[in-house]
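Whatever order the structure lists them in is the order used to number ligands and atoms, beginning at 1. We number each residue from 1, following the sequence as shown.
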Amino acid sequence: MQTQVGIVGAGPAGLVLSHLLHVEGIDSVVIEQRSRSYVETRIRAGVLEQGSTDLLIETGVGGRMLAEGAVHDGVNLQFNGERHRIDFARLTGGRRITVYGQQEVVKDLIAARLDAGGTILFEAADATPKDIAGEHPTIAFRHQGTDHELACDVIAGCDGFHGVCRGVIPAGVLSEFGREYPFGWLGVLATVAPSTDELIYAFHERGFALHSLRSPELSRLYVQVDPSDDIENWSDERIWEELQLRLASPGWTMTEGPIIEKAMTAMRSYVCEPMQYGRLYLAGDAAHIVPPTGAKGMNLAIADVTILARALADWFHRGDHSGLDDYSDRCLGRVWRVQDFSNTMTELLHVLPPGDPFASRVQRAKQRYVATSQAMQHTIAENYVGLPLD
Ligand code: FAD
Ligand code: DHB
């Protein structure tokens, strides 16, 4: 088997990359360990930055998102019941976000790739990039009971945080930076009309809560939990009780409904530098993780592969290698900006561990500043809708 770009992973990074390469006339094969139905139903992020939606629309895969996604001109930040709207339209000159589930983006991209005759090999086991330092890298894998070797010009490691690609880079090449947060999120999907038109991020003494949306009939909600807590401790009644307490605001009521999905996630920040070695380029969660409070993970993955696709087009079409040489540096500027924003939002909105009253006082001061300062609201809006790629 042979292709120009061998892509490991059919998440947002791998699928957007394969699609952008197709638009450029570059051949790719996507190797995914899970089944198609698994990746199409995996519930994760839900907020697309302006730049991400623009890209999907411009490259012809934004049709269903335009019809079914919800465009939001603002977001609410709430501190102990006091709600403050961050007005994107006013603060960013009209940039906005679109609320559209990650699994819907994934479904649209898979359909587009397969319709265009693209190759996505689902349920492929033991993918292993080889010879990445030389000019003829390959990916060994097992598919439908047969061992294969895919010869490529370059390999894109789009296989998420727990993937294999980062691990084949020789020891000593990568510098790794990260932190674990003492918080977890319990996320639920409920079959009830959202009680809000725009997202509500709430700090409350009992912990953070987030009210997001999926459709006129589906609400997506999160509560801060202890990361070592057991999901079995969280009955539907307890989840709604905490959501009611933490999201409460004068004059506002929240309607409850059946919970159809429930999962817990730990929160961490992570970056590896550089994001490339030889002919292997890492993109998305394979190279970096952000805590979800800024809604950035999927957007960062899309930004990486937009830069990578352009660099690959310059190389394949014009023999210009400079974009590939600079790939990591170009991505990392944005990655660290987003790390800062995601960390700031996380520390602003979660109840911090006990025992550091100084940190809690500083947090209260930051919350007051967000509530009262146009400059601070401008900063949040600009980062939340997403900074331009260049
Ligand atoms: P992924 O989406 O992880 O895709 C990687 C793909 O590679 C997967 O399909 C995986 O099956 C495949 N793969 C892995 N290993 C191999 C292998 N060895 N061989 C072949 N294929 C392989 N972000 C937010 O903004 N808000 C959220 O609420 C939010 N919730 C999240 C919840 C969870 C549980 C997780 C894990 C992430 C969440 N994120 C959230 C982050 C966001 O979903 C990610 O940043 C985004 O999915 C990154 O896309 P990606 O394509 O880089 O990686
Ligand atoms: C959603 C997830 C996030 O992490 C976030 O910051 C906002 C919304 C969501 O799933 O809708």
**Study point:** Donor-acceptor pair between Arg179 and Asn343 side chains, under 3.5 angstrom
**Key:**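 Side-chain D/A pair, Arg179 to Asn343: present.
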
Check your understanding: If we ignore angles and hydrogens, is there a donor and acceptor under 3.5 Å between the side chains of Glu176 and Tyr270?
Key -> yes

Point to revise | Axial cation check for Tyr38 ring with Arg34, 6.0 Å and 45° limits | key: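 Here Arg34 passes the 6.0 Å and 45° test against Tyr38.
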
Review point. Is there a path of hydrophobic side-chain contacts, each under 4.5 Å between heavy atoms of I, L, V, M, F, W or Y residues, that connects Phe88 with Leu348?
Key: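 Result: yes, single cluster for both.
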
Suppose we measure from [atom] to each protein heavy atom; which comes out shortest, and what is that distance?
atom	result
atom 2 (C) of ligand 2	Tyr222 OH, 3.5 Å
atom 49 (O) of ligand 1	Pro12 CD, 3.5 Å
atom 11 (O) of ligand 2	Ser212 OG, 2.6 Å
atom 6 (O) of ligand 2	Tyr201 OH, 2.6 Å
atom 23 (N) of ligand 1	Ala45 CB, 3.4 Å
atom 2 (O) of ligand 1	Arg44 NH1, 3.0 Å

Check your understanding: Can you check whether Tyr384 has an N/O within less than 3.5 Å of an N/O in ligand 2?
Key ->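 For ligand 2, there is no N or O atom that lies under 3.5 Å from one belonging to Tyr384.
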
Practice item. Compute the shortest N/O to N/O distance between Pro292 and ligand 2 and return yes if it is under 3.5 Å, no if not. Key: yes

If you measure from [atom] to every heavy atom of [options], which option wins on shortest distance?
atom	options	result
atom 43 (O) of ligand 1	Met298, Arg34, Gln102	Gln102
atom 15 (N) of ligand 1	Thr265, Thr293, Asp159	Asp159
atom 17 (C) of ligand 1	Met267, Glu32, Gln33	Gln33
atom 48 (C) of ligand 1	Val290, Leu15, Asp285, Val106	Asp285
atom 51 (O) of ligand 1	Gly160, Ser35, Ala13, Ala10	Ala13

Review point. If you measure from the Lys or Arg side-chain nitrogens to the Asp or Glu carboxylate oxygens, is any gap between Arg42 and Glu104 under 4.0 Å?
Key: no

Review point. Salt-bridged, Lys262 to Asp236, with N to O below 4.0 Å?
Key: yes

**Study point:** Trace of the side chain to side chain contact (heavy atoms under 4.5 Å, CB included) decision for Tyr277 with Ile132
**Key:** CA-CA 7 Å; Tyr277 177 77; Ile132 55 170; 3.6 Å; yes

Exercise for review: Look only at interatomic distance and state if Trp185 has a nitrogen or oxygen under 3.5 Å from any nitrogen or oxygen of ligand 1.
Suggested key: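 N/O-N/O distance under 3.5 Å: no.
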
At under 4.0 Å between heavy atoms, which part of [X] makes contact with ligand 2: side chain, backbone, both or neither?
X	result
Tyr100	neither
Arg44	backbone
Thr293	backbone

Check your understanding: Can Tyr384 and Thr92 be said to form a side-chain hydrogen bond (donor to acceptor under 3.5 Å, both in side chains), step by step?
Key -> CA-CA 10 Å; Tyr384 199 91; Thr92 69; over 6 Å; no

Point to revise | Trace of the ring pair (Phe, Tyr, Trp, His ring centres under 6.0 Å) decision for Phe177 with Trp336 | key: CA-CA 11 Å; Phe177 307 88; Trp336 281 110; 5.8 Å; yes

Check your understanding: So does Asn80 have more than 12 non-hydrogen atoms from other groups sitting under 6.0 Å from CG?
Key ->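 Atom CG in Asn80 is crowded, with more than 12 foreign heavy atoms closer than 6.0 Å.
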
Check your understanding: Quick one: side-chain contact (heavy atoms from CB on, under 4.5 Å) partners of Gln2, sequence neighbours excluded?
Key -> Ala151

Check your understanding: Would you call Gln102 a ligand 2 contact, heavy-atom distance under 4.0 Å?
Key -> no

Check your understanding: Nearest protein heavy atom to atom 39 (N) of ligand 1: under 4.0 Å?
Key ->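 It does not: no protein heavy atom is found less than 4.0 Å away from atom 39 (N) of ligand 1.
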
